[in-house]
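Working notes for the structure below.
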Amino acid sequence: MSVLVPNSVGRAADDDETVPVGATPPARPPGEGDRQRLLEPLMPTDRLRGWIVTLVLTLLAGVIRFWKLGHADDEGTPIFDEKHYVPQAWQMLRNGGYEDNPGYELVAHPPVGKHLIAVGEWLFGYNPWGWRVSAALAGTLMVLLVIRIARRMTRSTLLGALAGVLLICDGLTHVQSRVGMLDIFHAVFVLTAFSFLLVDRDRMRERFRTVVIEGRVGDTPWGPRLGFRWWRFAAGVSLGLACGVKWSGIYYVVAFGLLSVIWDALARRTAGVRRPWAGALLRDTVPALASLLVLPLAVYFATWAGWFASETATDRHAVIVAENVGFAFLPDALRSLLYYHFNVLEFHTNLTTGNDPHPWESKPWAWPMGLRPMLYYYESGMPGCGRSDCVQATMLLGTPALWWVALPVAGWAVWRAAGRLDWRYAAVLVGYCAGFLPWFVNLDRQMYYFYATPLAPFLVLGIVLVLGEVLGPAGAHGERRKTGLLVVALYTGLVVANFVWLWPILNGLPITEARWHAELWLPSWR
């Protein structure tokens, strides 16, 4: 019997990392040496330092995200797609949680993101600061989450800190944290669900470790029941809220649900359960469906409470005025909501590129490297840069030093996940692909680079896993560690420098026309 102990800094974590693996079932209770290693902590022991690092970097992220938050605007009005969501949020605030805009075909998303924008408008008024403050808070929270996730996945406070620095310096999430749009809220709920599932994974392995130590793992061929799982329940709530921001949250419901059940089966196999996959199917699948499918659906419909409580919301009484609503077996309110949903679905289905594409449209194959960014705001012929003909522009652009390594990092992740069975790379790939691959199903639809917002934290996590391997294990030779640290430091410095260079066009600061053109590195950026 062999035991693999928790990995050190930068070391790949095998799936069988905390409990013994029996060559032949049934598993026998561990011996004293195995027991000692089983009781070793799964997380780094520098808990206080870990939280200090997390909070300091989160504070830094907040300063950067909130700096001159209301600066770039269209003469005091929203910019780009803010023009849809900001007034809709204001209408929700006036109405008590719902929209009654007769132009419902433009009310194309569920209410949660607009509720969050409305909170900022309630606190600070109908102005750029008011309609952007919730997004800035969400973007700051995302940095905190990615630090804790990276630390949990790598068992390293250093690598967690690197993840925070890299996400702070990502231009895409920076800009999306400073506009009154929905995608940053969608991304933060997805990342929250992912973080909860990681904690659930560790908690379940701790329970299996207890069962193994007590010698009960072979009591049944399917292994023990695991009891109620609050962290997975919380992940289901987060997924429901992600769907309540944008329907694309359903991709993560499917992906994370499958990931959770697979983790359960692998944990049972690691513990020495005789029939781990059957055990996961019989004992884990139904609870997983309840927490990660039924619960998100219930939370999603709960987000429409304001709509249900209203009398004048869009299509609230469609069953009275519309023909062929269908679903006669359902209550009238639910039938009307489904009618509304089908109208929105038709809008999305018919939102195609056609013969007159949007000038800043981009297809998903351009997202991994950010080959087609978006211009949110542009003004010229103004003072502020030492001349009278300055340019102000806000461009949605992923920091090239991060996004241009996406393909090699993805290739390495696939090899590590498939060839070395490294669960961490597999988990990152699941999160990344759930937000990327579904968009290839209907390439005729209009698509934009801001759809890639949920990809950014998973890209950062993948890069950090690679940096951990470059850094090397904690027990490596001194020269090996120093060389690895130098490479990691140089790459991190390059990302920071790249972000600083792009700072003017990420924040709409006045620059000369020459500097503006110097920022546009590729023809596809123009």
Side-chain angles (χ1 to χ4, degrees), residues 60-61 63-83 128-129 132 135-136 139 165-181 357-363 365-407 448-450 452-453 456 459 490-526:
L60 175 63
V63 171
I64 292 173
R65 299 296 193 243
F66 280 88
W67 182 81
K68 288 191 175 182
L69 187 61
H71 169 63
D73 58 67
D74 188 1
E75 298 181 353
T77 66
I79 61 173
F80 194 65
D81 271 9
E82 285 186 332
K83 295 183 184 296
W129 181 272
R132 293 171 183 167
V165 171
L166 295 183
L167 191 63
I168 288 172
C169 295
D170 171 42
L172 179 113
T173 51
H174 176 77
V175 173
Q176 287 302 117
S177 299
R178 295 170 56 81
V179 293
M181 293 170 59
H358 189 282
W360 291 101
E361 183 179 1
S362 68
K363 297 302 183 183
W365 55 73
W367 299 348
M369 295 182 64
L371 296 181
R372 185 58 175 162
M374 299 193 69
L375 187 63
Y376 279 178
Y377 165 76
Y378 180 86
E379 284 192 34
S380 61
M382 61 185 62
C385 63
R387 301 175 57 173
S388 59
D389 57 347
C390 303
V391 170
Q392 284 188 184
T394 299
M395 177 168 276
L396 180 69
L397 176 65
T399 304
L402 281 173
W403 288 78
W404 287 5
V405 300
L407 294 181
Y448 304 97
Y449 186 39
F450 58 78
T453 305
L459 171 62
L490 288 174
Y491 175 74
T492 305
L494 177 64
V495 172
V496 173
N498 196 180
F499 180 68
V500 171
W501 169 261
L502 296 171
W503 182 260
I505 66 170
L506 298 176
N507 297 283
L509 300 182
I511 54 177
T512 64
E513 187 79 23
R515 174 66 186 273
W516 164 243
H517 288 292
E519 298 277 3
L520 306 179
W521 293 358
L522 301 179
S524 61
W525 291 11
R526 299 178 181 273

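All heavy atoms count here, side chains included; hydrogens, waters and symmetry mates do not.
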For A61, give me all partners under side-chain contact (heavy atoms from CB on, under 4.5 Å), at least two apart in sequence or on another chain.
T140, V143, I168
Return the set of residues passing salt bridge (Lys or Arg N to Asp or Glu O under 4.0 Å) with K83 (not counting sequence neighbours), or none when no residue passes.
D74
Is the backbone of M395 close enough, under 3.5 Å, to the side chain of Y378 for a donor and an acceptor to pair up by distance?
no
CA sep, side-chain torsions, deciding dist, call: R372, E361, side-chain contact (heavy atoms from CB on, under 4.5 Å):
CA-CA 8 Å; R372 185 58 175 162; E361 183 179 1; over 6 Å; no
Applying side-chain contact (heavy atoms from CB on, under 4.5 Å), can you list everything that pairs with P510, at least two apart in sequence or on another chain?
C385, C390, Q392
Quick check against the 3.5 Å criterion: does R178 have a side-chain atom that pairs as donor or acceptor with the backbone of A136?
no
Which value, rounded to the nearest 0.5 Å, describes the distance between D170 atom CG and L459 atom CG?
7.5 Å
Before you tell me yes or no, could you show the steps for R65 and T173 under side-chain contact (heavy atoms from CB on, under 4.5 Å), namely the whole-Å CA-CA distance, both residues' side-chain angles and the distance that decides it to 0.1 Å?
CA-CA 9 Å; R65 299 296 193 243; T173 51; 3.7 Å; yes
Salt bridge (charged side-chain N to carboxylate O under 4.0 Å, His left out) pairs, two or more places apart, involving residues 389-407
R387-D389
If the test is ring pair (Phe, Tyr, Trp, His ring centres under 6.0 Å), which one of W525, W360, W403 qualifies with Y449?
W403
F450 and side-chain contact (heavy atoms from CB on, under 4.5 Å): which partner among L172, V179, D81?
D81
Heavy-atom donor-acceptor pair, T399 side chain to C169 backbone, under 3.5 Å
yes
Going by salt bridge (Lys or Arg N to Asp or Glu O under 4.0 Å), name the residues that satisfy it together with R132, two or more places apart in sequence or in a different chain.
E82
Can you tell me if Y376 and Q176 form a side-chain donor-acceptor pair at under 3.5 Å?
yes
Partners meeting ring-ring contact (aromatic ring centres under 6.0 Å, His included) with F499 (sequence neighbours left out):
H174, W503
Go through N507 and H71 one step at a time and tell me if the side-chain contact (heavy atoms from CB on, under 4.5 Å) criterion holds.
CA-CA 8 Å; N507 297 283; H71 169 63; 5.8 Å; no
Would Y448 and L396 count as a side-chain contact (heavy atoms from CB on, under 4.5 Å) if you check the C-alpha gap in whole Å, the side-chain angles of each, and the deciding distance to 0.1 Å?
CA-CA 10 Å; Y448 304 97; L396 180 69; over 6 Å; no
Quick one: pull up CG in L490 and CG in L494 and give me the separation to the nearest 0.5 Å.
9.0 Å
